[in-house]
Amino acid sequence: MEQQTDKQRCARLIERKHKLIAERETWEEHWQDVADYVLPRKADIEKTRTKGDKRTELIFDATAIHALELLSASLHGMLTNSASAWFALAYKDNFLDTDDASKEWLESAQESMYVAFSRSNFQQEIHEFYYDLASFGTACMFVESDEENVMRFSTRYVKEFCISENSRGIVDTVYRELKMSARQCIEKFGKDKVSQRVLRLMDKDPYEEIKIMHVVMPRSDRDYAKKDSINKPFASIYCDVEDKIILSEGGYDEFPFMVSRWLKASNEVYGRSPAMTALPDIKMLNKMSETSIRAVQKPVDPPLLVPDDGFILPIRTVPSGLNFYRAGSRDRIEPLVTGANTMLGLNYEEQRREAIRQAFYVDQLILTQNQNMTATEVVQRNEEKMRLLAPVLGRLQSELLQPLITRVFNIMLREGKVPEAPPMLQGQPIEIEYVSPLAKAQRQSELQSVLRSLEIAMPLAETTNIMDHYDMDALIKHAANVLGVPSKVLRSSQEVANMRQERQEQQQQQAEMQEAQQMSEVAKNAAPMIKAVE
């Protein structure tokens, strides 16, 4: 009876997956179109392609491919660059920032996370994530714990998964299809979990692939009093699609998939991308390039006008070729001149290329400058261009970075990869601050406003006490926070207070010594006068 129940559950999950696939069908045609022209290595969404085959047969101009490469590399460098800090942990309670023990623990946890990111496969997988996001508009990354590298990341192919949102528009359900060989299936789930068919395949052909469905969704019927895997907030179920049996059932404390959309309509689940925006220009450019190739070939190797009775065929147009004609005939072989203006077509192509680059933010990502620009002007223009990417940054922070950092932190905390927190920090909420170059550029306008006000106030400070309005300590802390200055190079508030107190005591001692010295000199000078009076 229990086995029959599992089959019913598996059949119900497969039926739900088919409904999600039916809702995704219109997107698949769109994704295939985008992949054919922008990301040909993944152009097998609706087509069945052989591994390793050539996939650029429709492409006559690679402007869109290069623009996608630049956009994905730029997002990687500006949001999750391995060479610089791109996130920081902070307490919601500002009082804890003044406590040295609390601050040291948070910095230690942050450093442990950066080490885990660097030792894992995060960098290559997040780069692939940006590729999918900028081309298909929807990208998905799976984050799970790993015995060797603490964490393992895998960006899933858009053809592989179906998603569903909750009432708040947040993706909380993923149905994923994958193929595993019989050998891999037995290694992962065990001989007692797989079907007899898989066991027979193991003996006959261990590399025969089996369709597996992985479902992760909120668990509504869990027992909150229990902490085992089948009562975690999110259910994780692996099913054998053909035999309709549940291979494994567990759970996650957090949603393990980071699903992000570039832009999304309110009535749609999947996102839209810059590649979709530029697709009409991309198709037109490829068609124009194909036509231009033919137009350029005609002047170089033109069609020939040959009299029908003056020459003996075939006509040889190769170097040193000999063509025979009848003696006494004045007929000649002449090229067919069409008078076509090829430069006009090339100008149209360049317009389309520029439109494609703008759709992929190439004009925003590459700073064009002239020789007369000052360093300040370069910085200001760079900040302005980065601020134009604010909508993209906001969605990426909420759908990718925030759940990603939270998931990694919780995994490391549960597995003891983060130092144990002091008792006073138990239950204290922690905030995530984004300190990537793109995030800092978004915030530097506020700092520029403060510095501008100081420029106005400084001349007035000579005649008034206007500088009393500024808290210089708070200003320096705010500037360091905006610019992403590492906290380890800054002294704590307590250290600064101690240094100021010591400096004040030293100045007071020096003042007392000078006063005592002056009094001794006065007494010394007064002694002869007293003797003279006597």
Side-chain angles (χ1 to χ4, degrees), residues 84-85 87-112 114 375-376 379 419-431 433 435 440 443-534:
S84 61
F87 73 92
L89 303 180
Y91 296 107
K92 279 191 175 182
D93 187 353
N94 295 330
F95 172 76
L96 295 175
D97 288 332
T98 61
D99 182 71
D100 291 340
S102 302
K103 200 169 183 178
E104 288 177 2
W105 177 83
L106 197 63
E107 290 181 354
S108 177
Q110 182 177 308
E111 290 296 328
S112 299
Y114 275 115
T376 303
V379 172
E420 186 177 357
M424 66 176 296
L425 299 180
Q426 298 296 332
Q428 290 291 338
I430 296 176
E431 289 184 335
E433 295 181 355
V435 294
K440 286 189 289 187
R443 303 172 58 192
Q444 284 187 2
S445 60
E446 180 182 353
L447 182 60
Q448 292 294 333
S449 300
V450 176
L451 295 178
R452 178 60 181 159
S453 68
L454 281 174
E455 292 178 2
I456 297 174
M458 289 297 291
L460 302 177
E462 298 178 359
T463 57
T464 64
N465 295 326
I466 195 171
M467 298 304 293
D468 294 341
H469 291 279
Y470 290 90
D471 185 347
M472 292 302 175
D473 288 345
L475 176 59
I476 291 298
K477 289 181 180 179
H478 178 67
N481 185 29
V482 171
L483 297 175
V485 178
S487 58
K488 59 185 177 183
V489 304
L490 297 175
R491 291 189 175 94
S492 65
S493 300
Q494 186 62 39
E495 290 176 336
V496 172
N498 293 337
M499 291 177 61
R500 289 176 176 175
Q501 184 177 358
E502 292 177 1
R503 189 182 299 116
Q504 185 177 1
E505 291 177 354
Q506 291 176 0
Q507 292 175 352
Q508 185 176 357
Q509 290 176 1
Q510 291 178 358
E512 292 176 353
M513 292 175 61
Q514 291 177 357
E515 184 179 358
Q517 185 176 0
Q518 291 176 357
M519 292 180 63
S520 63
E521 290 179 357
V522 170
K524 181 178 179 182
N525 294 332
M529 295 177 61
I530 295 174
K531 291 182 179 179
V533 171
E534 292 177 351

Original post:
Under the 3.5 angstrom rule, does the side chain of Ser108 hit a backbone N or O of Glu104 as a donor-acceptor pair?
Top reply: no
Original post:
Closest approach of Tyr114 and Phe87, non-hydrogen atoms and distance?
Top reply: OH-O, 2.5 Å
Original post:
What's the spacing between Gln508 CD and Glu515 CD if we round to 0.5 Å?
Top reply: 10.5 Å
**OP:** Taking salt bridge (charged side-chain N to carboxylate O under 4.0 Å, His left out) as the test, write out the residues that go with Arg503, two or more places apart.
**Re:** none
**OP:** For residues Leu106 and Leu89, report the shortest heavy-atom separation together with the two atoms involved.
**Re:** CD2-O, 3.2 Å
Subject >> Euclidean distance, Gln504 CD relative to Arg500 CZ, rounded to 0.5 Å >> reply: 11.0 Å
**OP:** Could you tell me the separation between the CD atom of Glu505 and the CD atom of Gln507, rounded to the nearest 0.5 Å?
**Re:** 11.0 Å
Original post:
What are the two closest non-hydrogen atoms of Glu433 and Ala90, and how far apart are they?
Top reply: OE2-CB, 3.6 Å
